[in-house]
Amino acid sequence: MTNSESTSAASQGVGQRWSSRWLFILAAAGSAVGLGNIWKFPYIAGENGGGVFVAIYLGCVAAVGIPIMISEVLLGRQGRSSPIHTMRSLSQRAGASGRWTALGWLGVVTGFLILSYYGVIAGWTLHYVWLSMSGAFAGADGASVGATFDAFLADPWALVFYQTLFMALTIWIVGRGVTRGIEAAIRWFMPLLFLLLLVLFIYSLNSGGFAQGWAFMFDLKWDAVSSDTVLIAMGQAFFTLSLGMGTMMAYGAYVPEDANLGTTVVSIAALDTFIAIAAGLVIFPIVFANGLEVGQGPGLTFVTLPLAFSQMPFGEVFGGIFFLLISFAAITSAISLTEPALSYLVEEYNAKRQRVALSLGVICWLLGLGTVFSFNIWSDMMIVGDLNFFGFLDYLSQNIMLPLGGMLIAFFAMWLLPKELMYKQLGITNPAVGWAWRILAGVVAPVGVLVVFVSTLWPVLASLLGL
Ligand code: PFF
């Protein structure tokens, strides 16, 4: 390859490498840290009793999340291409059925579905940056903050406007390529995200509700646990770690050869968990300090928090900082949601990254209109049971497609990929360590997911079959 050819291939993403192991950690953490950590985690923890949920969630991250993430990244680095091509070449190499390529396709489809609604919700956070900073909530009461949110959701044009803004930004960044687009965004957004979180953390420490917030997160009240708690915690672990759809495989394809995958993945999971916990420790104390309730569901971020900020000194500034923080977190995740499909199309058709990014963005945007309408004109149109379009996509992607993908990825990496390749990728030389690893990643993790998978699906199947 001549110099100019390799530069142009590099700008397309083909054959690219992260500039360093550290940048991969930041990029993967950027993918993992998103709406799942700052919007979803606190409200799910709030609805499920706090401490015990947090403990179970941490257990899921350690026992299932980390082994599956290692499996995904190692397949990516071994295949060195998009998830679809990686699964195709590795299944050939393993002498396994070519049907495993479908796992790559499953990831592409899941990414589309998630990004379509992710772009809509992330758009809300952009709107709330503006609302908070412009002082729209200053001195407002609970009813008017609630009414502002309801009025926003009822207006499809407003939702589409912010969805479009967010999607355009995402597509512009990914179209620029791995180094000039993704890395450049990560280099800015991740340090800023940490800084904003730190500022808010200090604010929350002084809010007067910190002890109560801390106790809510870490006191183990076992009576709040039900079998559902485990399912929800596991689904959350998948979503928040960006597992099961080939994102980590796609990012893994660019990991330098000499990076130690075990320590790298543990750092990513630790960063993601740290940020979810920190978000809880920012949100709960502020909510408690204002005598509000934490179990408010999805409205925790968009109603309860703006209300809390409206009652605090400098609430506009800190409210604005908070929503800016979620927007940054959301964009680095949205970027990663496009990578499995984008890398495939670029490789397969030798197409221009910008052009592919634009087409993918337009399709996702169109699909996202279904989510926009789910909050207004289609809110009562149910697709299955009591799930409207958005509810259905959310359920299907998080509870079915991600666990299914994650389980199959771990199974393939552990039992079908030649053992030497896996050991080489992980730098395992001691057979005892190899066995311990295979039991954890090849048995505990997939079986754990299977149990969750079946118990999530069974009631749905049973009701559909009339059992
Ligand atoms: N991990 C992201 C979050 O917590 O918001 C969401 C996500 C990104 C899920 C990328 C899946 C994915 F592949």
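The figures that follow rest on heavy atoms only: side chains count, while hydrogens, waters and symmetry mates do not. Both ligands and their constituent atoms are indexed starting at 1 by order of listing.
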Spacing of CG belonging to Leu393 relative to OG1 belonging to Thr110, to within rounding of 0.5 Å: 11.0 Å

Enumerated ligand 1 atoms positioned under 4.0 Å from heavy atoms of Ser336: 10 (C)

Out of all atoms in ligand 1, which are within 4.0 Å of some heavy atom of Leu35? Include the element for each. 5 (O)

Among non-hydrogen protein atoms, atom 4 (O) of ligand 1 lies closest to Ala32 O, 3.0 Å

Holding to salt bridge (Lys or Arg N to Asp or Glu O under 4.0 Å), I want the full list of residues that pass it with Glu293, two or more places apart in sequence or in another chain. none

Could you tell me whether Glu183 and Arg176 have a side-chain N and a carboxylate O separated by less than 4.0 Å? no

Polar atom proximity, Ile114 to ligand 1 (N or O, under 3.5 Å): no

Closest approach of any protein heavy atom to atom 5 (O) of ligand 1, naming residue and atom: Tyr118 OH, 2.5 Å

Identify the closest protein heavy atom to atom 10 (C) of ligand 1: which residue and atom is it, and at what distance? Ser242 OG, 3.3 Å

Hey, can you tell me if Phe149 and Phe302 have their rings parallel, tilted or perpendicular (30° and 60° cut-offs)? parallel

What is the ring orientation for Tyr203 with Phe318, classed by angle as parallel under 30°, tilted 30 to 60°, or perpendicular over 60°? parallel

May I ask you to check if ligand 1 and Ser31 share an N or O to N or O distance below 3.5 Å? yes

Is the shortest heavy-atom distance from the side chain of Pro306 to the side chain of Phe323 under 4.5 Å? yes

Do the ring planes of Tyr254 and Tyr251 sit parallel (below 30°), tilted (30 to 60°) or perpendicular (above 60°)? tilted

Would you call the rings of Trp124 and Phe375 parallel, tilted or perpendicular, taking 30° and 60° as the class edges? perpendicular

Taking N or O atoms only and a 3.5 Å limit, does Gly36 qualify as a polar contact for ligand 1? yes

At less than 4.0 angstrom from any non-hydrogen atom of Thr240, what atoms of ligand 1 do you find? 1 (N), 4 (O)

Can you tell which part of Phe239 has a heavy atom less than 4.0 Å from ligand 1: side chain, backbone, both or neither? both

For atom 13 (F) of ligand 1, the protein heavy atom that lies nearest, with its residue and separation: Thr247 OG1, 2.6 Å

